[in-house]
Amino acid sequence: MPADVLHQPLGHEIAESQDAAPIEDKAQEDGEGATELSKSQKKKAKKKASAERKALAADSQTSEGTAVTANGHSDANGHAEANGEAESSASAAGSESEEAKAKKKSKAKKKSAAPLEQTVPPSIPVADLFRGRQMPEGEWQRYTEDQRWRETDEEKREIERLDADMINDVRQAAEVHRQVRQYMRGIIKPGISLFDMCETLEDRVRTLIQARGLECGTAFPTGCSLNYVAAHWTPNAGDKTVLGADDVMKVDFGTHIGGRIIDSAFTVAFNPKYDPLLTAVRDATNTGIAEAGIDARLGDIGAAIQEVMESHEVELNGRTYPVKSIRNLNGHSIGRYNIHGGKSVPIVKGGEGTRMEEGEFFAIETFGSTGKGFVHEDLETSHYMKNYGVGHVPLRLPRAKALLSTIDKNFSTLAFCKRYLDRLGETKYQMALKNLCDQGIIDPYPPLCDTRGCYVAQFEHTLYLHPTRKEVLSRGDDY
Ligand SMILES: [Co+2]
């Protein structure tokens, strides 16, 4: 989900309050009731998951290979995964009885300690898959040479250890993102209805993350903007859009645990003629990630991204197009329950002297376009978000009041869309929603479009600036 210059005021207002989650008080107020509820919900979800698992296990006896490994990615430095519990009992058993014993033993061990395998479609919550183990780490990258001293600095390493629980939560959100997108790649095909696609994706996120009110769930609506539409498009109720064989679709979705957000996106195209466009944008995003670091100037990152992006061109139907960085779209820092945490990461050169700091989360995302390289708002709005800085506003209209209470309870300052209101049972909320927007409590985020007929691709990762190294949390073996 990009920050766009059209909504820059939002970003600036919240610059200082990155970590002050406004819902914190609310969560504490709800304290016991919420725990009570979540316990019984947990039980229910567990029961359901285990039933589904049994059914799928029965299935897989007839059809081999439906199970996939829980965690199929390895990081660039070749680190072993965190789930590397050596299974081999390495018994070169001499006698038959020894071998039988060993078999029994390993079977018994499997029952208690062996990692579960994810089902297809994925149905086992990631917390259950990794029970008793650390969540898989993202891709580690070193800082530039002038920051390398951090790797061995005792003080920095100690600060890093204090982060462990928070990092484990956001790694879990990242693992949910990887598993869901791996599954979705298998079912995203020309002919799929985008409405169904989004509902399926979000349903998988909710299952794997064990969604619970504001505690954890989807972090924002699933973007599936097509072709010249760069961002902020998701179907509203009744939308009949079907994915076409020549479409370029940006799949941008978010997961969160405790307000720690993973914001990551990729582009899908079936016609290989778009491959050079996708390559340009993937390279540009990876360049941005490589340039990111403690003390890195945001403007320098933008310049590096643009240079790589615009070194590419793409030939479409006999015409050659330069690939342009969209100059009014940005990556962004991420705060707690705050997708646009206040700092923008430009994707073109120019200006911005602000620097990245230790302990910050960033979404590095780039957009390459065969059009103007500039977006404007167009089409029907689906995305909305509460203004992070807004205090209490007394409301007259009872319907607006009621809708705001639904929003506060279910999304707080996380972005939502009309489909999210629909599934909560809200109806005829159009006027109330407009009223909340008119009063500046809720901001609409209309689709952002380049020129009609052009094509836009996007890749995005969330990274964390640890005291010693940076971690590309959402990295997978797909992108
Ligand atoms: Co984003």
Side-chain angles (χ1 to χ4, degrees), residues 1-8 10-11 14 18 138 170 173-174 176-178 180-181 198 201-202 205 218-225 229-234 249-256 259-267 281-282 284-289 292 298 301-302 305 309 325-348 352 356 360-369 375 382-385 388 411 413-417 443 445-448 456-465 470 472-476 479:
M1 223 201 165
D4 57 279
V5 293
L6 300 160
H7 287 95
Q8 211 61 294
L10 176 74
I14 43 169
Q18 253 223 70
V170 74
V176 170
H177 199 286
R178 276 189 292 272
V180 170
R181 75 198 194 215
C198 289
L201 188 154
E202 289 152 5
V205 168
T218 55
F220 53 81
T222 305
C224 51
S225 308
V229 185
H232 293 171
W233 191 89
T234 199
M249 176 168 67
K250 283 71 67 183
V251 180
D252 189 349
F253 70 101
T255 56
H256 84 94
R260 305 287 179 192
I261 299 171
I262 292 293
D263 179 1
S264 181
F266 58 98
T267 298
V281 182
R282 207 184 289 110
T285 295
N286 281 329
T287 299
I289 292 167
L298 298 171
I301 297 171
I305 286 170
M309 182 82 82
S325 264
I326 296 185
R327 65 181 189 272
N328 58 342
L329 289 178
N330 301 105
H332 48 95
S333 62
I334 305 177
R336 205 165 170 204
Y337 291 99
N338 189 7
I339 187 67
H340 293 158
K343 288 183 183 174
S344 292
V345 186
I347 60 175
V348 292
E352 192 63 88
M356 291 181 166
E360 284 181 327
F361 286 91
F362 278 94
I364 302 293
E365 59 188 312
T366 76
F367 293 82
S369 172
V375 290
S382 55
H383 287 47
Y384 297 85
M385 187 164 67
Y388 193 89
F411 315 116
T413 52
L414 295 173
F416 61 94
C417 59
D443 292 317
Y445 290 83
L448 298 168
V456 175
Q458 172 201 20
F459 283 93
E460 174 176 27
H461 276 299
T462 294
L463 56 90
Y464 182 63
L465 302 182
K470 56 184 156 174
V472 189
L473 291 157
S474 48
R475 182 74 80 192
Y479 67 94

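In listed order, ligands and their atoms are each counted from 1.
Rounding to the nearest 10°, we obtain 110° for the angle at the Co ion (ligand 1) between Glu365 OE2 and Met1 N.
Checking His332 against the Co ion (ligand 1), an N/O/S atom falls under the 2.8 Å cut-off. The nearest N, O or S atom of Thr462 is not closer to the Co ion (ligand 1) than 2.8 Å. Taking 2.8 Å as the threshold, Asp252 does not count as a candidate ligand of the Co ion (ligand 1), since none of its N, O or S atoms lies below it.
Summarising the geometry, atom CD1 belonging to Ile261 is positioned 13.0 Å from atom OG belonging to Ser474; distances are rounded to the nearest 0.5 Å. How far NE2 of His177 is from OG1 of Thr255: 6.0 Å, rounded to the nearest 0.5 Å.
For Ser264 and Thr462, the side-chain atoms include no donor-acceptor pair closer than 3.5 Å.
Just one of Asn338, Ile339, Val345 meets the side chain to side chain contact (heavy atoms under 4.5 Å, CB included) condition when paired with His332; it is Ile339.
Of all the N, O or S atoms in Asp263, the one closest to the Co ion (ligand 1) is OD2. Its N, O or S atom nearest to the Co ion (ligand 1) is what matters here, and for Glu460 that atom is OE2.
Contact check for Thr267 versus Gln458: side-chain heavy atoms found under the 4.5 Å cut-off.
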